[in-house]
Amino acid sequence: MSRRLTGKVVIATHNAGKLTEMRELLAPFGVEAVSAGELGLPEPDETGTMFSENAAIKAHAAAKATGLPAFADDSGLCVDALDGAPGIFSARWAGPTKDFSGAMARIFSELEQRAATNRTAHFVSALVLAWPDGHTELFEGRVFGTLVPPRGEAGFGYDPIFQPEGHARTFGEMSAEEKHGVDWQKGEGLSHRARAFVLLSRACLAPGS
């Protein structure tokens, strides 16, 4: 049975872009959020083989360290013609300096090496909410689209090369509200993280909780 989240939560991330999105998603629910980075928590080794496993590693580490519920996302870009790569290694493709320009260039280089004409891809977000006693909630969202030459400077990561289905602009050309804002009347969001969060909110959050 799902458990309601109230009070304070640790967002288990050191990624400024993810932190901003998560805080904006949590804002309507009156939940106070502090990040693992702000608390000086170390980043655990992500040894999982799936997004959900890595999200759980991060959430449980933060919950254990703080004694508070912790909320973690593990997400990435999966390119069909690259057999799902970079996938769970999306951040690692950018290297220790977080050079996503280089990572995006690598994607197109590898597509060219394979002479691949298929440019379909999807983003995955696995959200895990963990409590200090080990209770865990898992929610996953996906958004499908096409890879295009980099456009736009908004967002972060691989956003400039991802054009979601039904849209003429990349995530890198969209405002934060367009990308991960949620229409709460319809219970819909565009981005993978927004879609996963809608599922989490239905199970674990209440407006003004």
Side-chain angles (χ1 to χ4, degrees), residues 10-25 33 35-63 65 70-111 120-130 138-145 147-148 150 152-164 170-172 174 176 179-180 190-197 200:
V10 178
I11 300 177
T13 187
H14 292 69
N15 181 308
K18 283 188 182 181
L19 176 60
T20 297
E21 287 192 7
M22 290 182 181
R23 277 193 164 136
E24 290 174 353
L25 287 165
S35 77
E38 290 166 339
L39 294 173
L41 301 181
E43 295 184 77
D45 292 332
E46 297 179 29
T47 56
T49 59
M50 297 186 295
F51 292 107
S52 57
E53 291 175 348
N54 284 332
I57 288 170
K58 291 182 281 190
H60 283 292
F71 174 50
D73 160 88
D74 197 61
S75 54
L77 178 67
C78 302
V79 180
D80 293 331
L82 299 182
D83 303 317
I88 63 169
F89 303 109
S90 292
R92 293 178 216 181
W93 275 34
T97 61
K98 308 299 183 187
D99 177 16
F100 280 97
S101 293
M104 289 186 282
R106 178 180 172 182
I107 286 175
F108 286 104
S109 174
E110 296 207 7
L111 287 170
T120 58
H122 62 277
F123 271 117
V124 178
S125 171
L127 296 183
V128 167
L129 187 55
L138 166 65
F139 308 91
E140 188 173 284
R142 294 172 182 245
V143 58
F144 294 85
L147 299 182
V148 298
E153 298 179 356
F156 61 98
Y158 297 94
D159 285 353
I161 64 171
F162 185 80
Q163 183 174 308
T170 68
F171 274 168
M174 295 182 181
K179 179 190 170 188
H180 64 259
L190 175 57
S191 77
H192 48 307
R193 198 165 292 113
R195 293 178 179 187
F197 189 83
L200 183 151

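The structure presented is a predicted model; accordingly, all values stated were derived computationally and were not measured.
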Do any N or O atoms from the side chain of [X] and from the backbone of [Y] form a donor-acceptor pair under 3.5 angstrom?
{"X": "T170", "Y": "Q163", "result": "no"}
{"X": "N54", "Y": "G48", "result": "yes"}
{"X": "R195", "Y": "L190", "result": "yes"}
{"X": "T20", "Y": "A16", "result": "yes"}

Specify the closest pair of heavy atoms between [X] and [Y], including all atoms of both residues, with the distance to one decimal.
{"X": "S125", "Y": "S75", "value": "CA-CB, 3.9 Å"}
{"X": "A33", "Y": "I11", "value": "CB-CD1, 3.6 Å"}
{"X": "A55", "Y": "D73", "value": "CB-C, 4.2 Å"}
{"X": "G76", "Y": "S90", "value": "CA-OG, 3.3 Å"}
{"X": "A70", "Y": "A63", "value": "CB-N, 3.6 Å"}
{"X": "A121", "Y": "D80", "value": "N-OD2, 4.0 Å"}

Do the charged groups of D159 and K179 touch, with an N to O distance under 4.0 Å?
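Between K179 and D159 there is a salt bridge, with a charged N closer than 4.0 Å to a carboxylate O.
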
May I ask you to decide if the ring planes of F171 and F123 are parallel, tilted or perpendicular, using 30° and 60° as cut-offs?
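Plane angle under 30°, so parallel.
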
Just say parallel, tilted or perpendicular for the rings of Y158 and F100, cut-offs at 30° and 60°.
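Perpendicular, since the angle between the ring planes exceeds 60°.
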
Taking the side chain as C-beta and beyond, is there a heavy-atom pair between [X] and [Y] under 4.5 Å?
{"X": "C78", "Y": "F51", "answer": "yes"}
{"X": "L77", "Y": "L147", "answer": "yes"}
{"X": "E140", "Y": "L127", "answer": "no"}
{"X": "V124", "Y": "H192", "answer": "no"}
{"X": "T13", "Y": "F71", "answer": "no"}
{"X": "F197", "Y": "E21", "answer": "no"}
{"X": "R106", "Y": "P86", "answer": "no"}
{"X": "H180", "Y": "R193", "answer": "no"}

Apply side-chain contact (heavy atoms from CB on, under 4.5 Å) to V148 and F162, showing your working.
CA-CA 6 Å; V148 298; F162 185 80; over 6 Å; no

Step-by-step side-chain contact (heavy atoms from CB on, under 4.5 Å) determination, T120 to F144:
CA-CA 8 Å; T120 58; F144 294 85; over 6 Å; no

Could you go through the side-chain contact (heavy atoms from CB on, under 4.5 Å) check for L25 and L200 one step at a time?
CA-CA 11 Å; L25 287 165; L200 183 151; over 6 Å; no

Determine whether T49 and E53 satisfy the following criterion, side chain to side chain donor-acceptor pair (under 3.5 Å), listing intermediate values before the conclusion.
CA-CA 7 Å; T49 59; E53 291 175 348; 3.1 Å; yes

Go through the steps for L111 and I107 under the test side-chain contact (heavy atoms from CB on, under 4.5 Å), then give the verdict.
CA-CA 6 Å; L111 287 170; I107 286 175; 4.1 Å; yes

Judged by modelled atom types alone, do H122 and R142 share a side-chain donor-acceptor pair under 3.5 Å?
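Judged by distance alone, the side chains do pair up.
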
Pair up each side-chain donor or acceptor in residues 37-46 with any protein partner under 3.5 Å, not counting sequence neighbours, and list the distances.
{"unit_1": "E38", "atom_1": "OE1", "unit_2": "R23", "atom_2": "NH2", "d": "2.8"}
{"unit_1": "E38", "atom_1": "OE1", "unit_2": "S35", "atom_2": "N", "d": "2.9"}
{"unit_1": "E38", "atom_1": "OE1", "unit_2": "S35", "atom_2": "OG", "d": "3.4"}
{"unit_1": "E38", "atom_1": "OE2", "unit_2": "R23", "atom_2": "NH1", "d": "3.2"}
{"unit_1": "E38", "atom_1": "OE2", "unit_2": "R23", "atom_2": "NH2", "d": "3.2"}

